[in-house]
Amino acid sequence: MTSTIDTAALHDWISRFAAAMNDKRDWLTELDSAIGDADHGANMARGMTAVVDKLGAGVPETIDDLLKGVGMTLVSSVGGASGPLYGTFFLRMGMTAGAVSSLDAAGLAGALRAGVDGVVARGKPEAGDKTMYDALAPAVDALDSSLADGSDLSAALSAAADAAAAGRDATLPLVARKGRASYLGDRSAGHLDPGAASSAILFETLAAAARGADG
Ligand code: ADP
Ligand code: MG
């Protein structure tokens, strides 16, 4: 039973997310070339590479220092919409986690939800606007309901990752109402949202870090 997550496991999450952003860079860019300006993969890979470089100098002891550092690096190194949005996610998550070196399941769920609320404050996305929020919102909802049903943290994070992936897939038929893709109007339908795709990976890598999985 996994019931807590510590700074080292969250650092592992960040490393896994950075590796995945580099691995999936071309796919994310391809998605963004259909409904945006073909830079989402490059933006995320550049931002997360800057994060890893900065952490190479030493991993902070507390969760707020770790996540606030990630957020500030993303805000300063990514020019596109996704930099401030992901940056705000990590900043708010870190602020809510606080100066601790471990979180219990409720603490992690609360910090993740605060991160998602930060995305809402920043970008004003609503459900169905075809944005990263369409993956993030179902993920934190699934996390809360899984924990309420008595699942351990690792199982609840897997449920959250599944919900994020389903949310990503559900963006396919949507017409974008936020961001660059909204300029296309009806022509944005029939393509996955790139930000929802990277956000599904955010939760997939968190679940893997909590499991301590190889992949
Ligand atoms: P840019 O749109 O500046 O080129 P990216 O391509 O890196 O930036 O990121 C695009 C993604 O950002 C979109 O796929 C969408 O998920 C997300 N996004 C854009 N605008 C918003 C917004 N207002 N609220 C939430 N997410 C948004
Ligand atoms: Mg773009």
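One-based numbering, in listed order, for ligands and for the atoms of each.
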Peer 1: Under 4.0 Å from a heavy atom of G80: give me the atoms of ligand 1 that qualify, with their elements.
Peer 2: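 Counting from 1, the qualifying ligand atoms are 3 (O), 8 (O).
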
Peer 1: Is there a polar contact, in the sense of an N or O pair closer than 3.5 Å, between G195 and ligand 1?
Peer 2: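 The answer is yes, given that G195 and ligand 1 share an N or O pair closer than 3.5 Å.
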
Peer 1: Out of G79, A176, G123, whose heavy atom sits nearest atom 23 (N) of ligand 1?
Peer 2: G123

Peer 1: Does an N or O anywhere in V119 fall below 3.5 Å from an N or O of ligand 1?
Peer 2: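 No; every N/O pair is 3.5 Å or more apart.
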
Peer 1: Do you know which N/O/S atom name in D37 is closest to the Mg ion (ligand 2)?
Peer 2: OD1

Peer 1: Show the atoms of ligand 1 that are less than 4.0 angstrom away from any heavy atom in D37.
Peer 2: 4 (O)

Peer 1: Provide the number and element of each atom of ligand 1 under 4.0 Å from a heavy atom of P125.
Peer 2: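 Answer, ordered by atom number: 24 (N), 25 (C).
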
Peer 1: Tell me the nearest of G83, A81, S198 to atom 3 (O) of ligand 1, using heavy-atom distances.
Peer 2: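 Answer by nearest heavy atom: A81.
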
Peer 1: Between the candidates T29, D39, I35, which shows the shortest non-hydrogen contact distance to atom 6 (O) of ligand 1?
Peer 2: D39

Peer 1: Contact between ligand 1 and R180 is defined here as a heavy atom of the residue under 4.0 Å from a ligand atom; is it met?
Peer 2: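 R180: in contact with ligand 1 (<4.0 Å).
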
Peer 1: Closer than 4.0 angstrom: is that true for some heavy atom of G36 and an atom of ligand 1?
Peer 2: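 No.
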
Peer 1: With respect to K178, determine whether any N or O atom, backbone or side chain, lies less than 3.5 Å from an N or O atom of ligand 1.
Peer 2: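 No; every N/O pair is 3.5 Å or more apart.
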
Peer 1: Side chains of Y133 and S199: donor-acceptor distance under 3.5 Å anywhere?
Peer 2: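 Judged by distance alone, the side chains do not pair up.
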
Peer 1: Under 3.5 Å, is there a donor-acceptor pair linking the side chains of H40 and T29?
Peer 2: no

Peer 1: Please list, in number order, the atoms of ligand 1 under 4.0 Å from a heavy atom of N43.
Peer 2: 5 (P), 7 (O), 8 (O)

Peer 1: Starting from atom 21 (C) of ligand 1, find the nearest protein heavy-atom neighbour and note its residue, name and distance.
Peer 2: L85 CD1, 3.7 Å

